[in-house]
Amino acid sequence: MTSLVVMGVSGCGKSRVGALTAERLGLPLVEGDEFHSEANRALMHQGIPLTDAHRADWLAALGAELQARPGGAVLTCSSLKASYRDRLRAAAPGLRFAWLDLDAAAALARVAQRSEHFFPAGLVATQFDALESPLGEPGVLRLDALLPPELLAEHAVRWISDTDERKPSSEHDARVEDDIGVGRAFAGPDDGACRS
């Protein structure tokens, strides 16, 4: 089973969707936030955005967690930059990414409701500043983060299960859209469409 990263900015729902997806796939869940150092947590709590240097050891630790689970795992990680995703791919060849995409206003509203989390609402804008779209990279599924977590997990499970069966070599550019309350997943030209 290929490992999967549930990625996106703070507030997109990574933890909930990741947990549901891991449960349905029967894979261990690696919660990326748990691997931040106390120093990094303190910086974020103070409203100081992390730099690439701050994130280096964190990404190394997450890569080691993936390597330690050759049978597959679901990792929750913001994976904001292409270089971060490449580091994780180097640790786990064939790694897939499910991107929970939402706009800044929705992310800010969600983060503002999490009073006990170490990541403050004031840093949401910096995540969008750092975000580099993963579309165009291999093994990426884009999902509308405003859809219900259960539906997002369902699409992620179906996608990774289907693509594991086909062992595709081409890139995937998929999008879930909310049209009549039921998501529709659209795949690229070399990937069969997945519809609910």
Side-chain angles (χ1 to χ4, degrees), residues 1-35 62-63 65-66 69-80 82 84-86 88-89 91-103 106-107 110 127 131-196:
M1 175 69 72
T2 301
S3 290
L4 173 71
V5 178
V6 179
M7 65 161 285
V9 299
S10 186
C12 70
K14 295 185 293 293
S15 293
R16 177 65 174 153
V17 175
L20 289 169
T21 303
E23 180 180 6
R24 295 181 185 195
L25 288 172
L27 293 176
L29 175 68
V30 179
E31 178 60 69
D33 279 350
E34 295 179 0
F35 293 85
L62 297 183
E65 290 295 317
L66 292 174
R69 293 167 172 80
V74 176
L75 167 66
T76 61
C77 172
S78 54
S79 304
L80 297 175
Y84 302 169
R85 296 187 290 271
D86 287 344
L88 295 175
R89 287 188 179 102
L95 186 63
R96 309 284 172 77
F97 290 82
W99 176 27
L100 303 184
D101 188 17
L102 81 171
D103 62 32
R110 288 183 173 188
Q127 295 240 305
L131 178 64
E132 297 171 0
S133 171
L135 294 182
E137 299 174 8
V140 172
L141 173 71
R142 180 170 59 178
L143 296 166
D144 180 352
L146 298 181
L147 292 175
E150 294 78 7
L151 182 58
L152 294 172
E154 176 186 332
H155 281 300
V157 168
R158 187 181 305 170
W159 174 68
I160 199 167
S161 298
D162 287 350
T163 52
D164 262 356
E165 290 177 3
R166 288 195 296 272
K167 298 294 182 184
S169 58
S170 59
E171 77 172 35
H172 300 276
D173 179 2
R175 178 72 186 261
V176 170
E177 296 179 350
D178 188 12
D179 56 353
I180 54 173
V182 179
R184 294 187 301 163
F186 298 93
D190 297 320
D191 189 18
C194 169
R195 292 182 170 81
S196 60

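Across all their heavy atoms, Asp144 and Leu152 have their closest contact at O-CD2, 3.3 Å. Annotation for Arg110 and Gly11: closest pair CD-O, 2.7 Å, computed over non-hydrogen atoms. For the pair Arg85 and Glu132, the tightest heavy-atom approach, listed with the atom from each and the gap, is NH2-O, 2.8 Å. Across every non-hydrogen atom of Val74 and Gly18, the tightest pair is CG1-O, 3.7 Å. Summarising the geometry of Pro149 relative to Arg16, their closest heavy-atom pair is CB-CG, 3.6 Å, with the distance given to 0.1 Å. Scanning both residues, Ser10 and Ala107, for their nearest heavy atoms gives O-CB, 3.7 Å.
To the nearest 0.5 Å, atoms CH2 (Trp99) and OG (Ser133) are separated by 4.0 Å. With rounding to the nearest 0.5 Å, the separation of NE2 in His155 from CG in Leu143 is 7.5 Å. Note that OG1 of Thr21 is 10.5 Å distant from CD of Glu154, once rounded to the nearest 0.5 Å. Separation of atoms CG (Leu4) and CH2 (Trp159) is listed at 6.5 Å; rounding is to 0.5 Å. Within the model, atoms OG of Ser3 and CG of Leu88 stand 10.5 Å from one another, a figure rounded to the nearest 0.5 Å. How far CG of Asp86 is from OG of Ser79: 10.5 Å, rounded to the nearest 0.5 Å.
One N or O on the side chain of Arg89 and one on the backbone of Pro138 form a donor-acceptor pair closer than 3.5 Å. Although no hydrogens or angles enter the test, the distance criterion places a donor-acceptor pair under 3.5 Å between the side chain of Lys14 and the main chain of Val9.
Counting non-hydrogen atoms of neighbouring residues, nucleotides and ligands closer than 6.0 angstrom, the CD atom of Glu23 reaches no more than 12 such neighbours.
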Point to revise | Verdict with reasoning, Arg158 to Arg24, per side chain to side chain contact (heavy atoms under 4.5 Å, CB included) | key: CA-CA 10 Å; Arg158 187 181 305 170; Arg24 295 181 185 195; over 6 Å; no
For side chain to side chain contact (heavy atoms under 4.5 Å, CB included), just list the numbers for Leu75 and Glu65, CA-CA rounded to whole Å, side-chain angles, deciding distance to a tenth of an Å, and then say yes or no.
CA-CA 9 Å; Leu75 167 66; Glu65 290 295 317; over 6 Å; no
Under the side chain to side chain contact (heavy atoms under 4.5 Å, CB included) criterion, do Thr76 and Leu29 qualify, and how do the steps go?
CA-CA 8 Å; Thr76 61; Leu29 175 68; 4.1 Å; yes
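Taking 4.0 Å as the cut-off between side-chain N and carboxylate O, Glu137 and Arg96 do not count as a salt-bridged pair.
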